[in-house]
Amino acid sequence: MYQQLNLKTKNYNMLRCLSYPVVIVSYFLLVTACSSTQPTTVPQSRQERNLFHAFTTASPTMLQNKNDLHIQTSAVVWQYAWPEVQVAYAPLKNIGVSTVIAGSLTKDDFMFNAYNFSAGYFNKVAPNVHLESYVGTERGTINNTHATGSSKLKLTKYFIQPAIAFSNENNSLHFILMTRFSTNNRQVVHATYHQTNEPFTHEQFVLLNRKPNFLMLEPGFQFRYGRKRMMFTTGYTGSLNFSNSFHRSIGNFNIGFLVRLGLARNEN
């Protein structure tokens, strides 16, 4: 009888000892399961790699005569990067038309595509001073790949762009000052992401939905240097928002080349 009782006691103690690790393991499994359900905030630096507004470079045409044809290729190489192509033509004396096409070549955190068309008046008011002013419209889209989803924005812009250029005597060096005044609209085509995990992204869409229309001033400058037919170009276009504050490209720095065709025979 005593031996049976002692055996039961030993079995009870053994079971009690074995129950401790089971309880501990269960506790950690429960804690792990609960913590895994808590939202993980995406680093803001990652959220800022997405794009919520973008614009093409404010590039002047600097056409001088009827039938002038300028083709400029450049690359935006600063905060964000994409190539641009501008074609400008003067069908009439002092009247020019221009179109710009821009687009990202690869899709990492965003894909930006845009094109614009403008028409305007140009005139050489002095031997080394050139004035022009264009009005136009721009259309574009931004496709974002967020850390927790994706979004697509549709961009619409109407603008006026005056410019003044100064050149040297042989017309091989140009310094151009320009400003683009624009009214902008951003429309959300779709947006799917975790608001809790991406609070910065959610803040941008709240601002966008609250005020999709806004005014912007885009001042800039450009240097051109080269021969009669081809010139090297580099410049900068800034971005000042008068309506609300949102994350965007604050400026475009670009470098490229300009090919000038159909020039008057008497030009140097």
Side-chain angles (χ1 to χ4, degrees), residues 29-58 75-84 100-116 137-159 180-220 236-254:
L29 289 175
L30 180 62
V31 170
T32 303
C34 293
S35 61
S36 63
T37 60
Q38 297 297 320
T40 302
T41 301
V42 177
Q44 183 165 325
S45 59
R46 168 60 183 88
Q47 299 178 61
E48 289 180 350
R49 293 209 304 266
N50 294 125
L51 200 58
F52 301 94
H53 179 71
F55 55 93
T56 58
T57 302
V76 176
V77 294
W78 195 32
Q79 188 177 4
Y80 299 96
W82 55 75
E84 296 183 348
V100 176
I101 300 175
S104 305
L105 296 179
T106 60
K107 183 178 181 180
D108 295 322
D109 303 313
F110 71 91
M111 175 75 78
F112 170 61
N113 296 283
Y115 68 92
N116 71 39
T137 181
E138 182 169 302
R139 302 288 191 273
T141 58
I142 297 175
N143 290 277
N144 283 311
T145 301
H146 301 286
T148 62
S150 63
S151 66
K152 181 177 180 179
L153 303 177
K154 182 180 179 181
L155 311 176
T156 303
K157 170 186 290 191
Y158 298 95
F159 63 87
R180 185 163 62 188
F181 302 93
S182 64
T183 174
N184 299 261
N185 173 269
R186 292 182 303 171
Q187 177 184 349
V188 180
V189 179
H190 76 82
T192 56
Y193 59 93
H194 292 292
Q195 299 180 8
T196 306
N197 298 65
E198 297 197 61
F200 178 81
T201 298
H202 181 59
E203 178 185 354
Q204 300 307 307
F205 281 106
V206 169
L207 291 173
L208 188 154
N209 291 322
R210 184 183 303 164
K211 202 165 187 179
N213 301 304
F214 52 95
L215 301 174
M216 297 196 75
L217 173 64
E218 297 162 358
Y236 174 83
T237 301
S239 171
L240 302 174
N241 182 8
F242 295 123
S243 302
N244 53 22
S245 177
F246 53 83
H247 181 67
R248 68 190 190 282
S249 172
I250 61 174
N252 289 352
F253 176 76
N254 66 90

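Hydrogens, waters and symmetry mates play no part in the numbers below; they use all other heavy atoms, side chains included.
- Side chain of Asn185 to main chain of Thr156: no donor-acceptor pair is present (N/O by atom type, distance under 3.5 Å, no hydrogens or angles).
- For the side-chain hydrogen bond (donor to acceptor under 3.5 Å, both in side chains) with Asn50, the qualifying choice from Gln47, Glu48, Arg46 is Arg46, the only one to do so.
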side-chain contact (heavy atoms from CB on, under 4.5 Å) between Ser150 and Thr192, intermediate numbers included: CA-CA 5 Å; Ser150 63; Thr192 56; 3.7 Å; yes

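- Of all heavy-atom pairs between Asn113 and Gly103, the closest is OD1-CA, 3.6 Å.
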Worked verdict on Ser239 versus Glu218 for side-chain hydrogen bond (donor to acceptor under 3.5 Å, both in side chains): CA-CA 5 Å; Ser239 171; Glu218 297 162 358; 5.4 Å; no

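- Side-chain contact between Val188 and Asn209 is present, with at least one heavy-atom pair separated by less than 4.5 Å.
- Residues forming a salt bridge (charged side-chain N to carboxylate O under 4.0 Å, His left out) with Arg49 (at least two apart in sequence, or on another chain): Asp109.
- Counting only heavy atoms from C-beta outward, the side chains of Val76 and Phe253 never approach each other to under 4.5 Å.
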Working note: Lys157 + Met216, criterion side-chain contact (heavy atoms from CB on, under 4.5 Å); need CA distance, chi angles, decisive distance, verdict. CA-CA 10 Å; Lys157 170 186 290 191; Met216 297 196 75; 5.8 Å; no

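- In Phe200, the CZ atom is crowded: over 12 heavy atoms of neighbouring residues, nucleotides or ligands sit closer than 6.0 Å.
- With 3.5 Å as the limit, one finds a donor-acceptor pair spanning the side chains of Thr56 and Glu138.
- Ring orientation note: the planes of Tyr193 and His146 are tilted relative to one another, at an angle of 30° to 60°.
- Thr148 and Glu198 share a donor-acceptor pair across their side chains, judged by distance under 3.5 Å alone.
- Judged by distance alone, the side chains of Ser151 and His190 never bring a donor and an acceptor atom under 3.5 Å apart.
- A distance-only check finds no donor-acceptor pair linking the side chain of Thr183 to the backbone of Tyr158 [under 3.5 Å].
- Looking at heavy atoms from C-beta onward, Arg139 lies out of side-chain contact with Leu155 at the 4.5 angstrom threshold.
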